[in-house]
Amino acid sequence: MPTRRLVLTRSAAMMGTACSGLLLPELVRAQSGKVRVGFMLPYTGTFSQLGVAIENGFRMAINEQGGKLGGREIEYFKVDDESEPSKGIENASKLVQRDKVDVLVGTVHSGVQMGIQKVARDSGVLCLIPNAGVHAATRALCAPNVFRTSFSNSQPTRALGQAMVAKGHKKAVWITWKYAAGDEAFEGFKESYTAAGGTIVKELGLPFPNVEFQALLTEIAALKPDAVACFFAGGGAAKFIRDYAAAGLKGKIPLYGSGFLTEGVLDAAGPAAEGIVTTMHYSDSLNTPRNKKFRLDYVKAFRSQPDVYAVQGYDTGLLLIQGANAVKGDLGAKPALYKAMEGATIDSPRGKWTMSKAHNPVQDIYLRVVENKENKVIGIAAKALSDSGLGCKMA
Amino acid sequence: MDLANFFIQLLNSVQYGLLLFMLAAGLTLIFGIMGVVNLAHGSFYMLGAYLAWSLSALFGSLSLAIIGGAALSVLFGLALEWLLFRHFYERDHLDQVLLTFGLIYIFEELRSIVWGDDVHGVPIPELLSASIPLTDNLSYPVYRLFMSGVCLALAAGLYFLISKTRLGMKIRAGAFNRDMAEALGVNIKLIHAVVFALGVGLAAVAGMVAAPVASVYPNMGSQVLIMCFVVVVIGGIGSVRGALIAALLVGLVDTFGKVLLPQVAGMLVYILMAAVLLYKPEGLFKQ
């Protein structure tokens, strides 16, 4: 004979299970009629801060719409992708098959993105890339249901070459990690630098994520180029900046880079970073009312300073809102949804941008210099820069 | 490549070679004397680097951190030998490989729990942060000279310990014929514990002095372990002298390869190993 207390606890447990969607997920889904949004982002590991910033930005854009998409409530699902390429397909499938999301937002790591790309192409689920710049996603393996709101790996460096030649640096050494993102960043630099009349004296590289730069820095000092251009990111970038100064190169041979060189590492790099010029599609110090309002609102909501990753997450939200509004929340109306997103103009904190045919941002790339631990904008390195979209055939 | 550049790259090679030697020496000692294949050796290097990061922040001094860290890691080595490794001396190499391979994963998890997964920099002490100018645009950082100095001092100490002291004599006797040495009253169990702890200590100190120039990051041990095995194989398994020569050789090939042939730099060390093995299948200095 069950006691009243037992009945109560059991009922409560049942209710809880039902609400969390474990019990009869199909039924819950039909009744709630909510848009199902899946985040597949790194929440642990080296890129965890990036994942959190992206999610914050995305939620902020949605919350500015009263927390709804095209008039419908939203239900969120989260998977930690651990920046682990070998689990990319499995993790993406979890969101698509188990959680039956209407839209998948992910991810940061280019290797993991390739797993998502496969699942997106196979299942046809709408997929928004808030960071990973791997070329294939919007080139040979592009898909009508995949949109990127960040950059392609060669976009920032494509704007760099011309800016360096304009400053009179005709002979440059290029240095990066030898892996996909490094090679793709080099592609952009090589094209724009040689097209502007510059010569790449030597191409130096070391395995990812090796940070023993000494032999290569000695070589740079011996080569005496007019300037050095590089692609590094995260902890390795801070180390490169410090070692560059320690090797006595700072002040003698100007250092240029893709903007990730000085993103989020200015504290760690310290005074060694002062004066480094980089190119990127955003800067914290962008002096526009749009950016100032965004930064103020973000600080209020999350009690931390937004960065480029938060902006990309925010823009992902803005893009989805435009699409969802056009189809009044019916994300099943795919042709109309994609058409609206393809034609969207995003009023971003980074400045207005549009979608290229291959679903990659057409955006301004800023020229920035590090001054007093801040990436200060000193101009626009390239206006409305697009990615080639080479080999992209939308089915 | 002009003379000054060549000279500095030579210094870079020697410094990298000496660092590799510190690691390879411990690896080859543990194998040569106890017959244990220790795949987890790189984890001790990582342990050293993380200790240097934590302790230098705690003490505000890298030298204190190195001394404290060396003591801690030797104690850690003793505990590990007593808990695990001594049960595996008589087992075959496959069991040892499984044990130490498993330990790599356990140490990585523990590292993740204790220290997290971020990349950290360890500041170079003020005293050693200068560079010595050699020509108008080439200079050599003082800290790298210090690193080489530490490695050389330890190499010399190791040589003295093994070839000139009573303990060294017992170590050599135990490696040569274990049963005979035991019959003559050498406490082999104690010798093994000491050698193991010494190997762990060497790897950890290498990690600690390398921390300011190599940064501190997850999986740093696995990367360095592969190079260590290359050094041990080239030098001849079990030979400390072979490890020294091979480490310097690998340092040279790797450094000059990075600069002169950047496209294939990653392969050159392995090509060197293959070439040596073709000519001398047991390494340069097989014991």
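Only a predicted model underlies this, so the values are computations on that prediction, with no experimental measurement involved. Numbered from 1 within each chain, the chains take letters A, B, ... in sequence-line order.
With a 4.5 angstrom heavy-atom cutoff, A:Q49 does not touch chain B via any of its atoms. Contacts between B:Q263 and chain A at a heavy-atom distance below 4.5 Å are absent for every atom of the residue. When heavy atoms are compared at a cutoff of 4.5 Å, B:Y217 approaches chain A solely by way of its side chain, counted from C-beta outward.
Of the N and O atoms on the side chains of B:N5 and A:T218, not one donor lies less than 3.5 Å from an acceptor on the other residue.
B:K258 places no side-chain N or O within 3.5 Å of a backbone atom of A:G205 that could act as its donor or acceptor partner. Remark: the backbone N or O of B:P212 is not paired with any side-chain donor or acceptor of A:K239 at under 3.5 angstrom.
Here the side chains of B:P262 and A:K202 are in contact, with some heavy-atom distance below 4.5 Å.
Put simply, CD on A:E219 and CD on B:Q9 are 6.0 Å apart, with the number rounded to the nearest 0.5 Å. A distance of 9.5 Å separates CG in A:L249 from OG in B:S131, rounded to the nearest 0.5 Å. To the nearest 0.5 angstrom, A:Q214 atom CD is 9.5 Å from B:L11 atom CG. Within the model, atoms OG of B:S215 and CZ of A:F240 stand 13.0 Å from one another, a figure rounded to the nearest 0.5 Å. Here the straight-line distance linking atom CD of A:E212 with atom CG of B:D254 works out to 9.0 Å at 0.5 Å rounding. Between the CD1 atom in B:I8 and the CG atom in A:L217 there is a gap of 11.5 Å [rounded to 0.5 Å].
Heavy-atom minimum distance, A:A221 versus B:L138: CB-CD2, 3.4 Å. Taking both residues in full, the closest heavy atoms of A:A215 and B:T255 are given as CB-CG2, 3.6 Å, listed atom of the first, atom of the second, then distance.
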